[in-house]
Amino acid sequence: MEYNFSEIEKKWHSYWANHKTFKVSEDPTKPKFYVLDMFPYPSGAGLHVGHPLGYIASDIYARYKRLKGFNVLHPMGYDAFGLPAEQYAIQTGQPPQLTTKQNIIRYREQLDKLGFSYDWDREICTCDPTYYQWTQWVFLKMFDHWYNTEVDKAKPIEELKEIFNRRGNEQIHAAHHCEKSFTAAQWNDFSENEKEDILMCYRIAYLGETFVNWCPHLGTVLANDEVKEGFSVRGGHLVEQKKMKQWQLRVSAYAQRLLEGLEPLAWSDSLKEMQRNWIGRSEGAEMEFQVTCLTEKYSMDIFTTRPDTLFGVTFMVLAPESEWVNKLTTPEHKKEVEQYLSYVKTKTERERMTETHRVTGVFTGSYATHPFTGKKLPVWISEYVMAGYGTGAIMAVPAHDSRDYLFAKHFQLPIVPIIEGCDVSEESFEAKEGILCNSGFMNGMTVEQAIVAAIEEVEKQHLGVRKTYYRLRDAIFSRQRYWGEPFPIYYEDGIAKPLPESELPLTLPHIDSFQPSGSGEAPLAGAKDWNYKGYPLETCTMPGFAGSSAYYLRYMDPHNRDALVSEEANQYWQNVDLYIGGTEHATGHLIYSRFWNKFLYDLGYVCREEPFKKLINQGMIQGRSNFVYRIQNTNTFVSLNLKDDYETTEIHVDINLVENDQLNIEAFKQWNPEYANAQFILEDDQYICGWAVEKMSKSMFNVVNPDDICAQYGADTLRMYEMFLGPLEQSKPWDTNGIDGVHRFLRRLWRLFFDKEGTSLITKEAPDTEEQKILHRLIKKIEEDIENFSFNTSVSAFMIAVNELAGLSCHKHAVLEPLVILLSPYAPHIAEELWSLLGNAPSVANAKFPKYNPEFIKEQVFEYPVSFNGKLRFKINLAVDLSKEAIEQAVLADERIHKYTGEKEIKRTVVVPGKIINIVI
RNA sequence: GCUCGGGUGGUGGAAUAGGUAGACACGCAGGACUUAAAAUCCUGUGGACAGUAAUGUCCGUACGGGUUCGAUUCCCGUCCCGAGCACCA
């Protein structure tokens, strides 16, 4: 009987589904384990072989943990709101509700084929009102809270009102952007609307005016992580800066906690580093400089991380957008400054970013006074200073900062080095090392000492304060589009008011036109009856990350109608033990989720401050594209190695028309009518295609569909092959070349159980030592591999073990049964089949992971009293018995061992030809 | 420019509390079975040299140094590749 994977897989899929084998519930008698995949966006293209890589890995781990006796929560769902469905709706007029539903059905079919052990009763979908009700609910909570920086916690806005009532906002410890200061009396005199305006500056979810990333093509605002190098991540459209009133989340209030919280997490260093960069903490001093514009005197704040270089300051620079520009420009320089400002305005964000080496700037005519030396420092304006960071103004230390240096060289400003012996004739000296000079009270100190001393002195003389800045900005939360969660907000006399919780979910209405207006007005503005008790509802919707920020909590208690997650469910499942997903979410979803979770933690709705304990980033599976070469202006194609003789154009060709880089010419002709009459210049009677490793995508015709692989080899082969391909975290091209090897392994395994006629070979004999050794070595290896996520080497270990057992003609029940359990996380279908053929009740998922017994693989230990250079005992650990003489010879042959004879206990290994001997002296 | 990874056969990749480098798989070559093919099985497979042969010797983990009895592994320097950040003061 042959290994009939398609029948086996079909049989077990329906068994698992009918018996709800993987259904879980809270069970206090068992330890819990939560394994989560980053849920997919169900696109119209369906899954390709790259998508399941992480799902397979997490499924192996989840199944393993189950065998180890854990109560495993392993759910799946869909991140279904988003731009592509809406873009599709704009093009075709099909409502996103419909296309999303179709895509989800397709995804589910594909996922089901791969035999994942998900508890499908917990399936969620972010566009489902029973789900997004809780997204809206969290938003209301954020609207209703402010951030108290004294206790570092979100607090109800009512508390803030009371504080204002009692003592105004003068000594308030809050994260805010309120520019007014007021007393209790003034507060009480404010009108309700004025009060609301002020409170808005303190809310964690707030409506505020800022520069936003506006994408005219998409007709919407985007978050910082949705923009890369001035273009939208989705679609690659130009993004410009525009000042707009938008909903925002005060993520910046949590910057420090987001940074500190990273420390204990079991995430990769590179990912933590990415988040650290994104949060961008910098410590330094905020200092006041007295500036004089003609006769007018001001004090201007600047921020520096290098207060030790204070005596190297030779000029000041303002950002072009800084409010100081107007105040400090003298009439004499007004014209030049205006010219410069208009020049800066013509540059796009992108140009400003790419032309970083070009030095531009203009003098304001004003001077600042050095707080210690009293020297006059000219105040310049330059685009290299950012308005959005620090105070939008800097003290320039050309000797020790490369940008200041270039600027000083260009405009011939003085450069004063303040570190002994540094050479600043060619470039600035930026290293934070050396001894200070030319620096008054700091002379002779190291840079490290000077930084501390400078801040102390500055604080003592009340010139400034220690200060920490973060690069992390508040998240812009409005999107001018349709396919997202509606805001539970209505406007009463222009004042944003929260909808009562009892009105949730506020469901997304059906609309006729999905086309954005282009003027910044959202599609919902055209919805009928989009109001609450006659008041207009907010027309923007929430961004993609809204729905994915707390989905891991909802899985704990997906059908709860009264809460996002019940306290009991949250107490039991706590947080995610293992999270597997792509690195592309490093500065998006993974920051927002952590923020969201911390907020809910502050409010006491969740018991853990961090959502994801351990995180693994699976690598991308790239496609291997094939090319044909068309001779320009002809319909003739030339084979790869002859193409250099012609002027050719490289054209992607569907990889399904190519085998081993050989083009199937007939199929190619039929592929596209344009090529029906194509001519070919062959080499060795073949057309050889070129190839390249690229992203797997429809447009490159290099997509491999897992359904096809399943049909040809089965899901078990696909699962094992994806693991065998290489280390999980590494990106690698899909390459079917090795898949036969894995498939062959499963067939060989099958043959340990059955002969060709299908008669069972299984015997009840007791295993011998050699067989025990094979088995227990495998148990140890598989356990280690799974714990280390080194799934590729486990596949090899299985192959070796099965080959060895086949070599010994071992068909013993006592060996094969544990082998099947070990294999079940990797190849669950065949394991399930063999498990029941061994006479067990389904399912192998309920089996116990075999216990490793080191006795079976222990090498025999021979203890030799070897007389050597006096009285020494060598304890020799080796599998093969060697004669005493052989050992002595081996040890003596290594003359250099003499060095160690005086020391007490040294573990050493001596190599005898053919053997390794570990010796304890 | 800065930060973090990483460089091992024809290919994907094994092996690092320092100890027989190249597991396993692909590919390739040869063989068995077959009328033939597919499938399956067996053998060989880093390089160079010597030998009829069994086998032996030398060189090999990007490059140059160092520590060590011994380095793919640890340290220093150089080169290359990948990822991320990037006028963030």
Side-chain angles (χ1 to χ4, degrees), chain A residues 2 228-229 268-278 280-282 284-286 302-307 309 313 316-317 319 352-360 382-397 400-404 406-407 427 430 469-473 583-584 586-587 617 619-620 660 720-721 724-727 729-745 747-748 751 756 790 792-803 806 893-900 907-919:
Chain A
E2 274 301 302
K228 227 174 185 181
E229 290 175 4
S268 72
D269 289 338
S270 68
L271 195 81
K272 284 191 191 180
E273 192 62 23
M274 271 190 240
Q275 290 216 341
R276 282 193 204 106
N277 283 341
W278 192 258
R281 179 191 158 102
S282 49
E286 193 162 285
I302 60 97
F303 175 68
T304 180
T305 53
R306 292 289 304 271
T309 60
V313 177
M316 314 289 286
V317 191
R352 233 176 122 169
M353 269 192 282
T354 47
E355 296 175 11
T356 54
H357 49 277
R358 236 167 86 192
V359 181
T360 65
S382 176
E383 57 179 333
Y384 82 86
V385 175
M386 315 290 284
Y389 189 78
T391 62
I394 62 156
M395 63 176 216
V397 186
H400 303 287
D401 181 283
S402 60
R403 297 149 305 175
D404 298 346
L406 287 174
F407 195 81
E427 54 178 8
E430 290 188 69
Y469 270 97
Y470 298 91
R471 204 175 67 100
L472 185 70
R473 290 287 103 99
T583 180
E584 67 272 20
T587 53
N617 291 121
M620 252 211 292
N660 288 330
M720 291 199 89
Y721 185 60
F724 183 69
L725 221 45
E729 298 182 69
Q730 195 173 300
S731 285
K732 54 236 161 186
W734 177 260
D735 169 13
T736 15
N737 279 340
I739 200 165
D740 287 311
V742 174
H743 190 62
R744 220 170 278 153
F745 154 74
R747 285 211 299 257
R748 253 177 236 161
R751 249 173 277 126
K756 276 183 185 162
S790 177
N792 53 328
T793 52
S794 347
V795 180
S796 298
F798 280 120
M799 289 177 177
I800 295 167
V802 165
N803 277 348
D894 187 353
E895 286 179 23
R896 280 151 297 212
I897 200 165
H898 283 283
K899 281 195 178 180
Y900 296 99
K907 280 180 195 162
R908 297 191 13 90
T909 308
V910 172
V911 179
V912 190
K915 299 282 175 295
I916 308 167
I917 311 171
N918 291 309
I919 300 178

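Naming convention: chains lettered A, B, ... in sequence-line order (proteins, then strands); numbering from 1 in each chain.
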*With C1' as the reference atom in both, quote the distance from U8(B) to C80(B) in angstrom, rounded to an integer.*
15 Å
*How long is the span from the CZ atom in Phe745(A) to the CE atom in Met720(A), to the nearest 0.5 Å?*
4.5 Å
*Determine whether Met799(A) and Val742(A) make a side-chain contact, defined as any pair of heavy atoms from C-beta on separated by less than 4.5 Å.*
yes
*How many angstroms lie between CG in Leu271(A) and OG1 in Thr587(A), if you round to the nearest 0.5 Å?*
9.0 Å
*Quantified in whole Å, what is the P atom distance between nucleotide U78(B) and nucleotide C4(B)?*
15 Å
*asked:* For a stem of at least 3 consecutive Watson-Crick or G-U pairs with distances under 3.5 Å, i pairing with j, i+1 with j-1 and so on, which stems involve RNA chain B?
replied: B:1-7 with B:79-85, B:10-12 with B:24-26, B:27-32 with B:40-45, B:46-50 with B:55-59, B:62-66 with B:74-78
*Does a nitrogen or oxygen in the side chain of Tyr469(A) sit under 4.0 Å from OP1 or OP2 of A89(B)?*
no
*Which pair of heavy atoms, one from Val385(A) and one from Gly392(A), lies closest together, and at what distance?*
CG1-O, 3.7 Å
*Grab the CE-C1' distance between Met799(A) and C26(B) for me, whole Å please.*
10 Å
*Between the side chain of Thr736(A) and the main-chain N/O of Ile739(A), is any donor-acceptor distance below 3.5 Å?*
no
*How many angstroms lie between OH in Tyr721(A) and CG in Asp735(A), if you round to the nearest 0.5 Å?*
5.0 Å
*Using heavy atoms to find the nearest nucleotide of RNA chain B for Val795(A) and Asp404(A) separately, return the residue whose nucleotide is more 5′.*
Val795(A)
*Nearest-nucleotide comparison on RNA chain B, the residue closer to the 5′ end among Ser282(A) and Gly741(A)*: Gly741(A)
*Just wondering, do Asp401(A) and Arg306(A) contact through their side chains at under 4.5 Å, heavy atoms?*
no
*Which whole-number value in Å describes the distance from Met274(A) CE to A86(B) P?*
12 Å
*Might you point out which heavy atoms bring Met395(A) and Met316(A) nearest each other, and give the distance in Å?*
CA-SD, 4.0 Å
*Between CG of Asn792(A) and CD of Gln730(A), what distance do you get to the nearest 0.5 Å?*
9.0 Å
*Provide, to the nearest angstrom, the distance between the CE atom belonging to Met620(A) and the C1' atom belonging to G5(B).*
16 Å
*asked:* Can you measure Met386(A) atom CE to C85(B) atom P for me and round it to whole angstrom units?
replied: 15 Å
*Nearest-angstrom distance, C1' atom, A71(B) to G64(B)*: 15 Å
_Rounded to the nearest 0.5 Å, what separates atom CD in Glu729(A) from atom OG1 in Thr583(A)?_
10.0 Å
*Taking atom P in both G18(B) and U57(B), compute the distance separating them and give it to the nearest angstrom.*
28 Å
All N/O pairs under 3.5 Å across the protein-nucleotides 9-13 of chain B interface:
{"residue": "G12(B)", "atom": "O2'", "partner": "Leu725(A)", "partner atom": "O", "Å": "2.8"}
{"residue": "G13(B)", "atom": "OP1", "partner": "Gln730(A)", "partner atom": "NE2", "Å": "2.3"}
{"residue": "G13(B)", "atom": "O3'", "partner": "Asn792(A)", "partner atom": "ND2", "Å": "3.4"}

*Report yes if a side-chain nitrogen or oxygen of Asn803(A) is closer than 4.0 Å to either non-bridging phosphate oxygen (OP1 or OP2) of A25(B); otherwise report no.*
yes
*Go through the structure and list residues passing ring-ring contact (aromatic ring centres under 6.0 Å, His included) with Phe407(A), not counting sequence neighbours.*
Phe315(A), Trp380(A), Tyr384(A), Phe411(A)
*Rounded interatomic separation in angstrom, taking OH from Tyr384(A) and P from A89(B)*: 13 Å
*Counting just side-chain N and O atoms, does Arg471(A) come under 4.0 Å of either OP1 or OP2 of C85(B)?*
no
*Determine if the base of G65(B) is syn or anti; take syn to mean the glycosidic torsion is within 90° of 0.*
anti
*Would you find a donor on one side and an acceptor on the other, under 3.5 Å apart, between the side chain of Ser382(A) and the backbone of Thr360(A)?*
yes
_Residues that Tyr469(A) engages under ring-ring contact (aromatic ring centres under 6.0 Å, His included), provided they are two or more places apart_ = Phe303(A), Tyr389(A)
*asked:* If I take atom NE2 in residue His400(A) and atom P in nucleotide C87(B), what distance separates them, rounded to the nearest angstrom?
replied: 23 Å
*Can you measure from CD (Gln275(A)) to NZ (Lys272(A)) and round to the nearest 0.5 angstrom?*
10.5 Å
*What interatomic distance, in whole Å, is found between P of G10(B) and the corresponding atom of G77(B)?*
31 Å
Are any protein N/O atoms closer than 3.5 Å to N/O atoms in nucleotides 40-43 of chain B? If there are, list each pair with its distance.
{"residue": "U40(B)", "atom": "OP1", "partner": "Arg747(A)", "partner atom": "NH2", "Å": "2.4"}
{"residue": "C41(B)", "atom": "OP1", "partner": "Arg748(A)", "partner atom": "NE", "Å": "3.1"}

*Contact check, side chains of Leu725(A) and Trp734(A), non-hydrogen atoms, under 4.5 Å*: yes
_Distance between C1' atoms of U72(B) and G1(B) (Å, rounded)_ = 31 Å
*asked:* Tell me the interatomic distance from Trp734(A), atom CH2, to C26(B), atom C1', rounded to whole angstroms.
replied: 14 Å
*Same-atom distance (C1') from U55(B) to A62(B), integer angstrom*: 33 Å
*For atom P, what is the distance between G82(B) and G19(B), given to the nearest Å?*
31 Å
*Do Val313(A) and Thr304(A) touch side chain to side chain, with heavy atoms closer than 4.5 Å?*
no
*In whole angstrom, what separates Phe303(A)'s CZ from A89(B)'s C1'?*
8 Å
Show each protein N/O and nucleotides 2-4 of chain B N/O combination with a separation under 3.5 Å, one pair to a line.
{"residue": "U3(B)", "atom": "O2'", "partner": "Glu273(A)", "partner atom": "OE2", "Å": "3.2"}

